[in-house]
Amino acid sequence: MDFVKTREQQETFWNNKAQTFPRYEEKEDNYEAGMLDIARKHGVVFKDADILDIGCGSGMYTIRLAKEAKHVTATDISKEMLRILKEDSSKLGLENIDTYLGDWMEFESDKKFDVIFCSMTPAVQSEEARTKVMEHAKGWVVYMGFAGRMESNMVAGLYKHYGITPKKFHDAPVMREWLEKRGIDYKSYPVDGEWVVPRTYDEAVSNCRDMLFMYDIKPDDEILAANIKPCLDTESGKYIERTQYSIEMIIWHA
């Protein structure tokens, strides 16, 4: 989401997004568990590691990592995302997570980490930010980014109504190109699938507003209601957002 330009815009966007953002789930058969399994199968060792989680969000991965790591340092620009992480990790009695509130480029530490974890974060999209990742890495780096597709049924009609051409997310190919220019060996693993998220009416409206905020659109309430209505599951009473995605996990060793 690199077109949310200013610091204030970033904080506002992610603090708002935290209200409807997925949280850690105590499951071993969900998306996050599966992605970590891919990393493990290709050599990444999280157990007893000192881990840096950049752009940790609500802590969906942070908490999983902390359950087997020696220590996790989690950074994010959103105080609301970190509040959720602290709330959920506290309920589980985890005491090996430290958080840092701020932009990644403001983070200061003399440490080098066994594993640096970056999942779907705009924090490492610049030359300087990627270089800083390498400065703090002494072991594995696990990066996950979009590979051209993120299509939500809940906002598709709104994009059409407001004449928006949705941005194509190509974070992963750009990261591969950056690594190749520097002669850094990596392995890439494509993952295609669908996220299915049930939402209340208010959550669905808030989610749509957040997405349109990125295009400087303030939608009309009636237009919002009309566009999310087809997503209603009458049996559950929830509005079902289905997002088709293409992601790449890129792994390299410092």
Side-chain angles (χ1 to χ4, degrees), residues 1-4 9-10 12-25 27 29-36 38 55-61 78 80-81 84 118-122 125 143-174 189-249:
M1 313 235 175
D2 56 343
F3 51 102
V4 182
Q9 283 179 317
Q10 291 173 27
T12 298
F13 176 82
W14 291 112
N15 283 332
N16 289 340
K17 194 70 175 170
Q19 310 310 312
T20 59
F21 205 74
R23 297 169 71 145
Y24 169 76
E25 295 180 305
K27 296 179 180 179
D29 60 350
N30 65 1
Y31 169 79
E32 292 82 33
M35 295 301 281
L36 291 183
I38 292 174
C56 64
S58 65
M60 294 182 294
Y61 285 106
S78 166
E80 283 301 302
M81 290 288 192
I84 292 170
C118 313
S119 173
M120 321 304 289
T121 175
Q125 291 184 350
Y143 175 88
M144 286 183 283
F146 285 108
R149 184 171 63 139
M150 185 181 69
E151 301 167 356
S152 164
N153 65 322
M154 192 167 280
V155 296
L158 291 167
Y159 288 160
K160 182 177 181 180
H161 176 84
Y162 288 104
I164 296 170
T165 300
K167 177 180 170 60
K168 293 293 184 182
F169 295 95
H170 293 286
D171 317 31
V174 173
Y189 308 98
V191 181
D192 295 313
E194 179 184 66
W195 290 315
V196 180
V197 180
R199 303 187 186 277
T200 65
Y201 178 80
D202 288 342
E203 289 171 344
V205 168
S206 178
N207 179 64
C208 290
R209 287 189 185 280
D210 289 341
M211 299 307 291
L212 292 174
F213 169 82
M214 297 188 296
Y215 298 94
D216 296 321
I217 299 292
K218 294 183 178 179
D220 179 89
D221 288 344
E222 292 184 3
I223 298 298
L224 278 177
N227 275 273
I228 67 172
K229 185 177 180 179
C231 300
L232 177 62
D233 176 58
T234 54
E235 185 173 339
S236 66
K238 294 293 184 71
Y239 293 79
I240 311 300
E241 182 177 23
R242 299 180 180 275
T243 304
Q244 304 288 328
Y245 63 81
S246 293
I247 289 171
E248 280 185 52
M249 176 181 285

For the pair Tyr239 and Val205, evaluate side chain to side chain contact (heavy atoms under 4.5 Å, CB included) and give the outcome as yes or no after the intermediate values. CA-CA 10 Å; Tyr239 293 79; Val205 168; over 6 Å; no
Let me confirm one number: the [atom1]-[atom2] distance from [X] to [Y], rounded to the nearest 0.5 Å.
| X | Y | atom1 | atom2 | value |
| --- | --- | --- | --- | --- |
| Gln9 | Trp14 | CD | CH2 | 13.5 Å |
| Gln19 | Asp202 | CD | CG | 12.0 Å |
| Asp233 | Lys238 | CG | NZ | 10.0 Å |
| Met60 | Leu36 | CE | CG | 11.0 Å |
| Lys17 | Met214 | NZ | CE | 7.0 Å |
| Tyr159 | Cys208 | OH | SG | 8.5 Å |

For [X] versus [Y], what's the shortest heavy-atom pair and its separation?
| X | Y | answer |
| --- | --- | --- |
| Ala147 | Glu248 | CB-OE2, 3.8 Å |
| Thr243 | Ser152 | OG1-CB, 3.8 Å |
| Ser58 | Pro22 | OG-O, 2.6 Å |
| Thr12 | Phe213 | CG2-CZ, 4.4 Å |

Any side-chain heavy atom of [X] within less than 4.5 Å of one from [Y]?
| X | Y | value |
| --- | --- | --- |
| Tyr215 | Tyr162 | no |
| Tyr61 | Met35 | yes |
| Ile164 | Leu212 | yes |
| Ile84 | Tyr24 | no |

Looking at Asn153 and Pro230, would you say the former's side chain and the latter's main chain have a donor-acceptor pair under 3.5 Å?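 No, Asn153 side chain to Pro230 backbone: no donor-acceptor pair under 3.5 Å.
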Has Asn207 got a side-chain atom pairing as donor or acceptor with Glu203's backbone, closer than 3.5 angstrom? no
Full working for side chain to side chain contact (heavy atoms under 4.5 Å, CB included) between Met154 and Arg199: CA-CA 11 Å; Met154 192 167 280; Arg199 303 187 186 277; 4.3 Å; yes
Do Tyr245 and Phe146 have their ring centres less than 6.0 Å from each other? no
Holding to side-chain hydrogen bond (donor to acceptor under 3.5 Å, both in side chains), I want the full list of residues that pass it with Ser246, two or more places apart in sequence or in another chain.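 Ser246: side-chain hydrogen bond (donor to acceptor under 3.5 Å, both in side chains) contacts with Arg149, Asp192.
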Which pairs count as side chain to side chain donor-acceptor pair (under 3.5 Å) when at least one residue sits in residues 218-227, sequence neighbours excluded?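 Every pair satisfying side chain to side chain donor-acceptor pair (under 3.5 Å) with a residue in residues 218-227: Arg209-Asp221.
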